[in-house]
Number of protein chains: 4
Amino acid sequence: MSTTRGRIDKRQAILDGAFTVFARHGYAQAGVEDVAREAGVAKPTVYNHMTDKATLFRHAMRAAAMDALDQRVAALAPLADPGDDLPATLEAVALTLLRLHTDSRYCALRSLLYSEITHFPDILDIVKEFGLDRVNQALADRLARLALAGRLRTTDPDLAAEQFMALVLGPLEARSQMGTRQLEEAELAGIARAAVETFARAWIVS
Amino acid sequence: MSTTRGRIDKRQAILDGAFTVFARHGYAQAGVEDVAREAGVAKPTVYNHMTDKATLFRHAMRAAAMDALDQRVAALAPLADPGDDLPATLEAVALTLLRLHTDSRYCALRSLLYSEITHFPDILDIVKEFGLDRVNQALADRLARLALAGRLRTTDPDLAAEQFMALVLGPLEARSQMGTRQLEEAELAGIARAAVETFARAWIVS
Amino acid sequence: MSTTRGRIDKRQAILDGAFTVFARHGYAQAGVEDVAREAGVAKPTVYNHMTDKATLFRHAMRAAAMDALDQRVAALAPLADPGDDLPATLEAVALTLLRLHTDSRYCALRSLLYSEITHFPDILDIVKEFGLDRVNQALADRLARLALAGRLRTTDPDLAAEQFMALVLGPLEARSQMGTRQLEEAELAGIARAAVETFARAWIVS
Amino acid sequence: MSTTRGRIDKRQAILDGAFTVFARHGYAQAGVEDVAREAGVAKPTVYNHMTDKATLFRHAMRAAAMDALDQRVAALAPLADPGDDLPATLEAVALTLLRLHTDSRYCALRSLLYSEITHFPDILDIVKEFGLDRVNQALADRLARLALAGRLRTTDPDLAAEQFMALVLGPLEARSQMGTRQLEEAELAGIARAAVETFARAWIVS
DNA sequence: CATGAATGAGTGTTCATTCAT
DNA sequence: AATGAATGAACACTCATTCAT
């Protein structure tokens with residue numbers, strides 16, 4: 001069993017190391033040797049597990065994207081049972097999303113996806129399977145339930161979800177200075193509050 | 001004079017070609033030779049104008065970012081004299097911004113900035129000087145005027161501007177599939193209308 | 001006993017596989033992994049039997065060279081009792097030699113010996129022990145007997161043997177296009193006949 | 001002009017160096033770096049002139065094969081005007097051929113052709129254009145003239161040429177120990193004399 | 001000033017060889 | 001004894017950069 005474990009662990013270590021290194025240097029600048037060092041293995045071991053640098057990249061990206069999607073969907077959980085104060089719940093969810101979105105690994109993931117989509121047209125599949133669209137859909141599902149419960153305007157949950165996400169995450173782009181500025185918790189809270197306030201005026205049944 | 005002209009033209013050709021090539025292949029994958037070919041000159045000529053591949057990159061990025069900012073600020077012009085129907089004017093502005101934002105060169109610019117910010121910490125200056133923050137500021141100025149004119153809630157024009165931009169541009173991220181899907185004009189118009197509607201509920205004095 | 005058998009068989013399988021693979025790809029291009037696969041064992045098993053790739057090569061070559069010599073010496077057997085028609089017997093022998101010489105494994109053996117003699121100076125021993133010189137000697141012995149029996153000019157059986165071999169095998173070099181062209185049986189027969197005819201004029205007592 | 005000269009010279013140096021190195025180490029074992037060093041240039045310069053290691057090999061082989069053919073055809077020149085003593089002329093020609101055939105570069109050429117024909121099926125063209133067959137043809141032409149002049153049996157100049165070459169060069173294979181033993185001039189002369197003697201009995205009109 | 005040619009440094013990939021099981 | 005997995009060393013090929021012209 002330890003053998004299998006060891007192999008699995010090593011594979012995981014390689015994928016993790018790969019993402020770390022790709023995140024740090026970009027695809028082209030990252031050396032397979034760096035990946036190996038980061039994963040604590042020798043260079044050929046990387047090639048024993050992944051045929052190519054390209055394949056290595058694809059697998060590492062897919063794993064990271066899956067993680068990211070899981071985290072975001074989990075962040076929506078409170079909406080399943082929002083309690084009396086819906087705005088407060090939305091604000092909490094918004095804050096969690098903002099924290100996730102300012103995490104450096106996630107920033108790196110997005111940036112890598114954007115910059116390598118030209119060279120790896122097939123990573124579009126990763127985006128379709130694990131991208132923000134999926135979060136929007138999950139959120140729309142939650143909002144639809146709330147609409148049925150009479151707590152939200154019932155017109156278009158997809159649009160509501162999209163605008164909620166936009167109001168919450170949109171401000172990050174300009175404020176985070178391309179991810180170089182680490183936003184204070186208070187600033188994130190402020191964004192969340194303002195987003196929910198505007199969202200509420202447009203969508204919440206008071 | 002024609003000599004000087006020629007030199008200037010050549011410099012411009014090099015910067016243009018550089019941005020085109022960097023946009024196509026990314027910084028690391030782009031070859032100086034490719035840039036030279038694209039600009040119609042020989043490789044050493046590039047080095048005669050720009051000391052480095054890095055310098056070449058910085059100059060090309062700066063030029064592209066300046067262009068982009070100019071276009072966006074120009075797009076706000078209608079707000080200087082909005083006429084009677086403010087929502088309609090906002091919608092027109094929003095649509096123009098969406099068109100600009102889905103342009104492939106702009107997508108490439110953003111993606112390059114994001115992916116190379118690690119290797120070129122100093123391109124942060126470009127962002128500060130010509131980034132979206134500047135558009136937000138310009139928009140906030142316009143909105144402040146409108147607030148003074150009693151047509152907008154007067155609380156916080158900066159926040160209003162930020163949320164306007166978020167509602168307009170935010171939906172693009174999920175919908176454009178990382179810039180691979182070319183959005184229809186109708187879809188853009190839909191986004192603009194929905195954005196302005198929500199914005200109006202929160203900010204416009206009716 | 002079956003264990004020992006198995007071991008011997010495995011060793012033989014490894015040597016055979018090794019020669020096959022070396023013949024196909026050349027020494028440097030051949031991978032030990034290929035040899036292992038061809039022999040139906042795992043790579044370390046090869047190393048359990050042969051210390052080195054080099055040793056493996058040497059043993060495989062020696063085995064192949066021994067086989068080749070045996071075949072050629074056996075081909076001379078008819079000369080022990082040539083019957084009345086000496087030319088006919090010589091022609092039969094010549095034809096057998098030609099067939100052996102155009103066999104693809106033998107071509108590969110020669111070509112490997114020639115190309116690796118620089119890297120493996122010691123395979124010269126293989127040539128001395130099992131090379132064409134040995135065939136010449138064996139043939140010279142036969143011819144000496146025939147000379148004593150008054151059927152051949154008695155001057156120099158070594159030279160006679162050498163020239164017989166040259167007349168028989170020499171034409172192959174140009175005709176076989178480096179072993180790529182498979183000569184027809186009729187063509188081989190023609191070469192044999194012509195060789196014996198010329199040999200006869202010079203050496204046979206009529 | 002010196003520029004062009006220099007480039008041509010460099011190309012020639014690369015081809016020469018390549019053949020030298022390939023001859024020394026074989027195709028697979030030879031490093032492009034070694035070739036560059038041997039040619040007195042840097043590694044990328046080799047790639048500037050030849051796209052591939054494979055292409056480099058093909059060109060080097062072709063050049064060497066052309067040289068070899070030229071030398072051999074030139075060696076036949078005396079037969080154009082053989083004088084009174086035909087056997088003596090043939091012997092002289094034979095000796096020259098033997099000297100050419102024992103040259104180490106030629107041995108290497110043959111051995112490389114044989115060993116790499118599998119990986120480079122197209123070098124067969126080189127053999128067809130510049131191989132021994134061409135020497136046989138040229139020799140057959142000469143012999144045909146001599147036959148017309150009544151000095152040779154007129155039956156089959158092609159066969160005569162083939163057998164002449166076989167009698168002269170055939171003995172080398174066994175004697176030279178795969179090119180490792182450097183044959184003495186006297187030994188070569190002996191081979192030549194014996195070859196011509198046997199050839200004469202079969203073909204020369206006395 | 002513009003260019004063709006040359007180079008030094010670096011990277012992806014392979015392979016003979018060796019442990020741990 | 002036999003194997004799956006790991007490694008160190010090597011090598012083909014590329015590219016930013018610089019001379020000579």
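By convention in this document, chain letters (A, B, ...) are assigned in the order of the sequence lines, proteins followed by strands, and residues within each chain are numbered from 1. In this text, all values refer to a predicted model and were calculated from it rather than measured experimentally.
- Qualifying side chain to side chain contact (heavy atoms under 4.5 Å, CB included) partners for A:Ala63, counting only residues two or more places apart in sequence or in other chains: none.
- If you take CE of A:Met50 and C1' of E:dT13, they are 16 Å apart, rounded to a whole angstrom.
- The side-chain heavy atoms of C:Arg11 and C:His59, taken from C-beta on, include a pair separated by under 4.5 Å.
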For residues 27-37 of chain A, please give each side-chain donor-acceptor pair under 3.5 Å, one per line with the distance, not counting sequence neighbours.
residue, atom, partner, partner atom, Å
A:Tyr27, OH, A:Ala54, N, 3.4
A:Asp34, OD1, A:Arg37, NH2, 3.1
A:Asp34, OD2, A:Gly31, N, 3.3

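- With rounding to whole Å, C:His49 atom NE2 is found 16 Å from E:dT18 atom P.
- B:Leu113 places a side-chain heavy atom less than 4.5 Å from the side chain of B:Leu109.
- Annotation: side chain of A:Met50 is in contact with side chain of A:Leu15 (closest heavy-atom distance under 4.5 Å).
- The side-chain hydrogen bond (donor to acceptor under 3.5 Å, both in side chains) search around D:Thr180 returns none, not counting sequence neighbours.
- Atom pair A:Arg37:CZ and F:dG8:C1' shows a separation of 14 Å (rounding to whole Å applied).
- Comparing D:Pro44 and A:Pro44 along DNA chain F, the residue whose closest nucleotide (by nearest heavy atom) sits nearer the 5' end is A:Pro44.
- With sequence neighbours left out, A:Ser104 forms a side-chain hydrogen bond (donor to acceptor under 3.5 Å, both in side chains) with no residue at all.
- Look at CD1 on B:Ile14: it is 13 Å from P on E:dC1, rounded to the nearest Å.
- Residues D:Tyr114 and C:Tyr114 place their aromatic rings such that the two centres sit no closer than 6.0 Å.
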Just distance, no hydrogens or angles: give the donor-acceptor pairs under 3.5 Å from side chains in residues 18-25 of chain B, sequence neighbours left out.
residue, atom, partner, partner atom, Å
B:Thr20, OG1, B:Asp16, O, 3.0
B:Thr20, OG1, B:Arg105, NH1, 3.3
B:Arg24, NH2, B:Glu38, OE1, 2.9

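- Residues satisfying the side-chain hydrogen bond (donor to acceptor under 3.5 Å, both in side chains) test with A:Gln177, not counting sequence neighbours, are none.
- Between A:Lys10 atom NZ and F:dA5 atom P the separation is 11 Å, expressed in whole Å.
- A donor N or O paired with an acceptor N or O is found under 3.5 Å between the base of E:dT17 and the side-chain atoms of C:Lys43.
- Listed by residue number, there are no residues of residues 51-58 of chain C with a heavy-atom contact under 4.0 Å to DNA chain F.
- For the pair C:Asn48 CG and F:dG4 P, the interatomic distance rounds to 13 Å; values are reported in whole Å.
- Between D:Tyr47 atom OH and E:dG10 atom C1' the separation is 14 Å, expressed in whole Å.
- Residues of residues 24-33 of chain B having a heavy atom closer than 4.0 Å to DNA chain F, listed by number: B:Ala30, B:Gly31, B:Val32.
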5'-to-3' dot-bracket of DNA chain E (Watson-Crick, G-U; under 3.5 angstrom; crossing pairs as [ ]; | other strand): .||||||||||||||||||||

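- Each salt bridge (Lys or Arg N to Asp or Glu O under 4.0 Å) pair with one or both residues in residues 111-128 of chain C, not counting sequence neighbours, appears once here: C:Arg58-C:Asp122.
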